[in-house]
J.: 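Sharing a structure below in structure tokens format, with a few things to ask.
Just so you know, these numbers use all the heavy atoms, side chains as well, and skip hydrogens, waters and symmetry mates. Naming: A, B, ... by sequence-line order, numbering from 1 per chain.
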Amino acid sequence: MERRKSLADVIAGGIFVLIGGAFVVGALSYSLGTPLRMGPGYFPVLVGGVMTALGLAIVVKGLVAGDVVTLTAVPWRAIAAIVVAVVFFGFTVRRLGFVPTSFVTALLTTLASSRARPWWALAVAAGLTLGATLIFVVGLQLRIPLFGPWLQF
Amino acid sequence: MELLDNLALGFSTAFLVQNVLWCFVGVLLGTAVGVLPGIGPTATVAMLLPITFNFEPVTALIMLAGIYYGAQYGGSTTAILINLPGESSAAVTALDGHEMARQGRAGPALAAAAIGSFFAGTVATVILAVAAPPLADVALKFGPAEYFSLVLLGLIVSIALARGSALKALAMIALGILFGTVGQDIYTGTPRFTFDERSLYGGIDFVSVAVGLFGVAEILRNLENESTRSAVISKVRNLWPTREDRRRLVGPILRGTGLGSALGVLPGGGHVLASFTSYAVEKRVSKRPQEFGRGAIEGVAGPESANNAAAQTSFIPLLTLGLPAHPVMALMVGAFIVHGITPGPNVINDEPALFWGLIASMWIGNVLLVLLNLPLIGMWVQMLRIPYAVLFPMIILLAAIGTYSLNFNSWDVYAIVFFGLLGYILIKCGCEPAPMLLGFVLGPLLEEHLRRALIISRGDATVFLTRPISAVLLVVAVAALVVAVLPTIRKRREEVFTEEE
């Protein structure tokens, strides 16, 4: 009998085992309690255990007769650009203020596409910043300073 | 006539100027995201949820609901015109709808979709108004044991209907439940999995989870292969269907409405199931089955009526039991809670204006959708020309601003990166994101009712089986689980057998 291995199943199952296991280990440090009075750890241990078992089942199935999922190319450039852009936003929005942060975030995001051209990207970023400022700060009165403490001399 | 009084109350609420206005904004946005591929109603509702915090609760819910059913409408437009379903339930519409467009009959196809959707939306709104109160009465008798079983049933049924591996869907639910346990324990106040980070004490915000899973992960998938969208769109002429068309529309619309109303109540993508079932039924009852796939107007009218009816009736479990049947409904639960209202059977008595106003607004929304879609079809077609290179930075920026404005907390923003990447990897490996979001929203309810039921029964776990309603719900849950797992087993066996021969 031919066995079809499925890398996708093994990866997915592995993630479930890893995260499930981490939650079980983490939850064991909390009080478990009894079924009558469950402690904070009881439910996470239960669900984490179930998920680890499901993850193992998916791995085993992936090694024997897995789902055929074609793994397409990973867009590393897009992942890097978007992660950096969003983290930049979270980190600097309070420090740089709404306008510069939005502009840089939008600019970094446009780099995710391999077809980004500099002038085009600048125009998109400027347009989106203007739109976002009008909607969120002017329209919805969001309480974020337009320019933050890093830019005040 | 209590129903008429209730509807009068509803319409007097829904016709307030600000409510009509935001209902309009909701269906407008909904149509837009339905038309645009690459962004769906779930991500849109999640991103816009924070800006509705300042609204009156009823206004906020009216707008968010409008986005949801508006997207069902918009999805059919692109399916017909360029064979690109903007929403999963419109995939069936593309079969015959696009074929009609190629034969120069795009107008009647769009009209059939609009008329069918409007009729179905109207009927389903009445069904919602009639069915919700008695169901809420039943739900009021539920104790913690019944609620636990009901939530469990809801989660399991949601995977029975999902595509793909049942095993993975179950694991995704568990993953969602686990992330839902982050934060302070409800009974003891012990912080769980917070890494001593104060901002995690309140738990992970579900908006971050939804934006990550449905917004960021989706964008990464779209950027895998960038291809220019070929927007060769024919001019739309002669909207009005011929007399022959009109005669052929009646049956499919009626049957689609019935099917959709019934299937919409089921958790987990009832509207997708509804449109596929309706297409199969129409093909079977038609005297001209050979026309299907070659531009049969029945194949547009039936599924479109079905998915729109289902979009309305999927509010029934939310409004009566507090159980979301769809990821968008899960976000609506959050919207209720943000405004200090616990969704469930009490809403109808405690907040009658909100309950009936929301229902009445759906009918108004359907009228607005017909007005928006038929005369303005050219505008929506133009929207397809917006390049993705503008669209995705806009979505990311909106996502970041939206999640930050929840609590002005940077961790909520970092969370969308985390869930976006996790979701992207898991979706790539063949897992569906919807069960995880449902698990995340329902997990805390599951734990709370489990613990409360066991405290009341003094630790006797058989309470779930000795209380009749709870026992029935659990039996149905087990049956659903078996149904979900069985076809895969059978198919596997068949595959193994054929390989051995």
J.: Check A:Pro44 against B:Leu178 and note the closest heavy-atom contact, atom names and distance.
T.: O-CD2, 3.8 Å
J.: What distance do A:Ile15 atom CD1 and B:Leu422 atom CG have between them, rounded to the nearest 0.5 Å?
T.: 6.5 Å
J.: Heavy-atom distance under 4.5 Å between the side chains of A:Phe89 and B:Ile396, does that happen here?
T.: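 A side-chain contact under 4.5 Å is absent here.
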J.: Nearest 0.5 Å please: distance from the CG atom of B:Leu398 over to the CG atom of A:Leu128.
T.: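 Between B:Leu398 CG and A:Leu128 CG, I get 8.0 Å after rounding to 0.5 Å.
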J.: Quick one: does A:Val86's side chain get under 4.5 Å of B:Tyr414's, heavy atoms only?
T.: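 No. Closest side-chain heavy atoms not under 4.5 Å.
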J.: Does any backbone or side-chain atom of A:Val74 lie under 4.5 Å from a heavy atom of chain B? Answer side chain, backbone, both or neither.
T.: both
J.: So for A:Ile79, is it side chain, backbone, both, or neither that comes closer than 4.5 Å to the heavy atoms of chain B?
T.: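 Interface part for A:Ile79: both.
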J.: As an exercise: rank B:Ser410, B:Gly443, B:Ser457 by heavy-atom pairs under 4.5 Å with chain A and give me the winner.
T.: B:Ser410
J.: Below 4.5 Å, heavy atoms only, C-beta onward: do A:Phe43 and B:Asp185 meet side chain to side chain?
T.: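 In short, these two side chains do not touch, never coming nearer than 4.5 Å.
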J.: Could you check which of B:Arg458, B:Arg221, B:Gln184 has the highest count of heavy-atom pairs closer than 4.5 Å to chain A?
T.: B:Arg458
J.: What is the minimum heavy-atom distance between B:Cys429 and A:Ala12, and which atoms define it?
T.: CB-CB, 3.7 Å
J.: Let me know if A:Ala57 has heavy atoms under 4.5 Å from chain B in its side chain, its backbone, both or neither.
T.: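 When you check distances to chain B, atoms from both the backbone and side chain of A:Ala57 fall under 4.5 Å.
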J.: Below 6.0 angstrom between ring centroids: does that apply to A:Phe23 and B:Phe179?
T.: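 Distance test on ring centres: under 6.0 Å, yes.
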J.: Closest heavy-atom contact between B:Ile401 and A:Ala132?
T.: CD1-CB, 3.8 Å
J.: Between B:Pro387 and A:Trp120, is there a side-chain heavy-atom distance shorter than 4.5 Å?
T.: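 Sidechains of B:Pro387 and A:Trp120: in contact.
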J.: Quick check: do B:Phe392 and A:Ser113 have side-chain heavy atoms less than 4.5 Å from each other?
T.: yes
J.: Do you know the tightest heavy-atom contact between B:Glu224 and A:Pro75?
T.: CG-CD, 3.6 Å
J.: For the residue pair A:Tyr30 and B:Phe193, is the inter-centroid distance of their aromatic rings smaller than 6.0 Å?
T.: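 They qualify: ring centres under 6.0 Å apart.
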J.: Using a 4.5 angstrom heavy-atom cutoff, name the option from B:Val417, B:Asp412, B:Ile416 with the most pairs to chain A.
T.: B:Val417
J.: I'd like to know if the side chain of A:Arg37 reaches the main chain of B:Ile455, judged simply by a donor and an acceptor atom lying under 3.5 Å from each other, with no hydrogens or angles considered.
T.: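 Answer holds: no.
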J.: Under 4.5 Å heavy-atom distance to chain B, tell me which part of A:Val93 shows up: side chain, backbone, both or neither.
T.: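 Side chain of A:Val93 only, per the 4.5 Å heavy-atom cut-off to chain B.
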J.: Does the side chain of A:Val87 come within less than 4.5 Å of B:Val413's, by heavy atoms?
T.: no
J.: Under a 4.5 Å heavy-atom cutoff, which of B:Thr188, B:Ile456, B:Leu426 has the most pairs with chain A?
T.: B:Leu426
J.: Taking side chain as everything from C-beta outward and backbone as N, CA, C, O, which of these in A:Phe16 sits under 4.5 Å from a heavy atom of chain B? Side chain, backbone, both or neither.
T.: side chain
J.: Would a 4.5 Å heavy-atom cut-off, applied to side chains only, mark A:Ile11 and B:Lys428 as touching?
T.: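 In short, these two side chains do not touch, never coming nearer than 4.5 Å.
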J.: Taking side chain as C-beta onward, heavy atoms only, is A:Thr109 less than 4.5 Å from B:Leu397?
T.: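 No, their side chains stay 4.5 Å or more apart.
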J.: Measure distances from B:Ile425 to the heavy atoms of chain A and classify the residue's part below 4.5 Å as side chain, backbone, both or neither.
T.: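 The side chain, not the backbone.
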J.: Measure A:Tyr42 against the heavy atoms of chain B and call it side chain, backbone, both or neither at under 4.5 Å.
T.: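 Neither part; nothing is under 4.5 Å.
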J.: Go through the atoms of A:Val124 and report whether side chain, backbone, both or neither lie under 4.5 Å from a heavy atom of chain B.
T.: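 Side chain only.
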J.: Could you tell me which portion of A:Ala81 (side chain, backbone, both or neither) has an atom closer than 4.5 angstrom to a non-hydrogen atom of chain B?
T.: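 Neither; nothing under 4.5 Å.
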